[in-house]
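These notes are about the structure you will find just below.
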Amino acid sequence: MLPQKQAEEAMVSSSNLTEHDDRAEEKANEAGFGLKSFLWHGGSVYDAWFSCASNQVAQVLLTLPYSFSQMGMLSGILLQIFYGMMGSWTAYLISILYVEYRSRKEKENVSFKNHVIQWFEVLDGLLGPYWKAVGLAFNCTFLLFGSVIQLIACASNIYYIDDNLDKRTWTYIFGACCATTVFIPSFHNYRIWSFLGLGMTTYTAWYITIAALANGQVEGVTHSGPKKLVLYFTGATNILYTFGGHAVTVEIMHAMWKPQKFKYIYLIATLYVFTLTLPSSAAMYWAYGDQLLTHANAFALLPRNGWRDAAVILMLIHQFITFGFACTPLYFVWEKVIGMHDTRSIFLRALVRLPVVIPIWFLAIIFPFFGPINSAVGALLVSFTVYIIPSLAHMLTFRSSAARQNAAEKLPFFLPSWTAVYVLNTFVVIWVLVVGFGFGGWASVTNFIRQVDTFGLFAKCYQCPPRGPPSGKH
């Protein structure tokens, strides 16, 4: 018990010293510190909760009804709860590994001032360079496509307000808008954005629920899901993707003043997210049934009025925020590669970050398949990035009795046995590898190829309703 306490005290002490130095600098150098700190500098437990909850559910809120139509009501509800709990567990594992890595480095007198710890560095410090390479590859690729998905969602949503421009043109426009996230230094500076973002998704979720129930079931509605295995597992991997948004857990923890308090934050955030995803998905599927199979975006079926337009606009703003969440770790990696990570100038850092946005922009134009792309990313990337790798890394880090005895964090109160922890981790690895990556990969890639065959790459307006013939005289 003594080594655990010493490790915790070392990390907390060093963390507090670093934070004290940063705050002293800010107070000395910045005018209007009070207001700026309130809006800009977040590092509390509440800030971390808002960041997790806001980042976890964004555009996927609009595609979950589509998943219900593929899987059926019962499977949709049960798998949301199942993957939500599984995602909370692996987020907990990531937080434990971060604390373990940082406590070991603190005892070596390593300073992290002006340096943001990232997941691949945790893997490197605990397991070596090969794990670093694997973690870096999966994490960066996932976050790259996570940013692409937010950009696609922006174009898909705005089209339901203004269809004078096609979705590809809207992608060009929002790509330029989202590029402004290069000016946000770190997750420490997302305080007001996380708060607003969660409010926006809360409004949208309850608007969808109320609108679907108020409009009632459409005439001749049918609920035939699940009909095909390929659709069932495509929907399942979209839900796996939904609750796999903790690829930025380490960066959020590092932005906290006391990161050791993060352990259960993601679980509490997930419980709140259930209040948004379950009612909205179930209500939409009840009201529209199989029509959702050809409408991946829930907005496509809801009648246009001021309430819907407000939801679209709020989701657009939130997707801008979520784009920043997904892209900021990529900015950090790029800064470290070119040796600019410790630069204090916001404008210089923004300038060197811009090249990261260009491939995201390009990929969003190539693959504009809103909905199917979520499932493909979930099966091929999320399954490894935030489920399999953290579970394996945790087992390997604490495989020796000495490592378990000297662990910086105790076992959770609800699972006070190392044997039980290893059994649970093994279950996660096998389940996600077989069901998520195996069956899910087969189904989502099959569905994705079908979209390419139907609409083609660089599709100008994916799933847009056909326009009527011109009314002019000939």
Side-chain angles (χ1 to χ4, degrees), residues 57-73 75-77 80 149 152-167 170 200-228 231-232 234-235 238-239 242 276-316 318-319 368-375 447 450-451 454-455 459 461-468:
V57 57
Q59 52 75 36
V60 77
L61 184 70
L62 307 175
T63 64
L64 284 173
Y66 169 64
S67 296
F68 269 51
S69 70
Q70 295 171 316
M71 306 173 61
M73 183 78 78
S75 289
I77 292 172
Q80 278 202 41
I149 289 169
I152 294 170
C154 287
S156 177
N157 289 344
I158 192 63
Y159 185 79
Y160 297 112
I161 290 182
D162 185 351
D163 60 1
N164 291 316
L165 298 177
D166 58 75
K167 291 181 181 179
W170 280 119
M200 293 167 187
T201 49
T202 300
Y203 169 88
T204 303
W206 284 106
Y207 155 72
I208 291 173
T209 304
I210 294 169
L213 295 175
N215 292 326
Q217 291 185 314
V218 296
E219 186 177 353
V221 65
T222 56
H223 301 86
S224 60
K227 288 180 70 175
K228 299 178 180 178
L231 293 178
Y232 186 90
T234 300
N238 186 41
I239 295 176
T242 301
L276 308 182
T277 58
L278 288 170
S280 59
S281 304
M284 278 296 293
Y285 183 54
W286 171 82
Y288 295 98
D290 291 348
Q291 287 190 26
L292 287 160
L293 287 169
T294 54
H295 296 84
N297 191 326
F299 285 142
L301 292 174
L302 294 169
R304 181 170 182 178
N305 53 38
W307 297 103
R308 194 198 74 163
D309 288 354
V312 171
I313 292 169
L314 291 177
M315 284 303 290
L316 286 171
H318 185 258
Q319 279 148 9
F369 311 126
F370 184 70
I373 193 173
N374 294 19
S375 297
N447 189 41
R450 188 176 298 154
Q451 306 304 313
T454 303
F455 297 95
C461 208
Y462 176 66
Q463 286 190 340
C464 295
R467 291 181 179 273

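For the numbers below, each heavy atom of this structure counts, side chains included, while hydrogens, waters and symmetry mates do not.
Taking CG of Asn238 as the start and OG1 of Thr242 as the end, the distance is 4.5 Å to the nearest 0.5 Å. In this structure, Asn297 CG and Met315 CE are separated by 8.5 Å, a value rounded to the nearest 0.5 Å. The CG atom of Leu231 sits 7.0 Å away from the OH atom of Tyr66 when rounded to the nearest 0.5 Å. Between the CG atom of Leu276 and the OG1 atom of Thr202 there is a distance of 4.5 Å, given to the nearest 0.5 Å. Of the inter-residue distances, the one linking Leu301 atom CG with Met284 atom CE reads 5.0 Å to the nearest 0.5 angstrom. Expressed to the nearest 0.5 Å, how far CD1 of Ile239 lies from OG1 of Thr234 amounts to 11.5 Å.
You'll find the side chain of Phe299 reaches within 4.5 Å of the side chain of Thr204, heavy atoms only. Looking at Ser75 and Tyr232, their side chains come closer than 4.5 Å, going by heavy atoms from C-beta outward. In this structure, Thr222 and Gln291 have side chains that are not in contact, with every pair of non-hydrogen atoms separated by 4.5 Å or more.
In terms of heavy atoms, Gly76 sits closest to Met71 at N-CE, 4.3 Å. In terms of heavy-atom proximity, Tyr207 sits nearest to Pro303 at OH-O, 4.0 Å. Between Tyr285 and Ser69 the shortest heavy-atom distance is CE1-CA, 3.4 Å. Counting all heavy atoms, side chain and backbone alike, Ile208 lies closest to Ala298 at CD1-CB, 4.5 Å. Closest heavy-atom contact between Thr201 and Leu61: O-CD2, 3.8 Å. Summarising the geometry of Ala282 relative to Met73, their closest heavy-atom pair is O-CE, 3.5 Å, with the distance given to 0.1 Å.
Side-chain N or O atoms of Arg308 include one that pairs as donor or acceptor with a backbone N or O of Tyr160 at under 3.5 Å. Side chain of Ser281 to main chain of Thr277: a donor-acceptor pair is present (N/O by atom type, distance under 3.5 Å, no hydrogens or angles). A donor-acceptor contact shorter than 3.5 Å is absent between the side chain of Asn215 and the backbone of Leu302. The main-chain N or O of Trp286 is found under 3.5 Å from a side-chain atom of Gln217 such that the two form a donor-acceptor pair.
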Go through the steps for His318 and Tyr203 under the test side chain to side chain contact (heavy atoms under 4.5 Å, CB included), then give the verdict.
CA-CA 11 Å; His318 185 258; Tyr203 169 88; over 6 Å; no
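No more than 12 heavy atoms of other residues, nucleotides or ligands lie within 6.0 Å of CH2 in Trp307, so this atom counts as exposed by the packing criterion.
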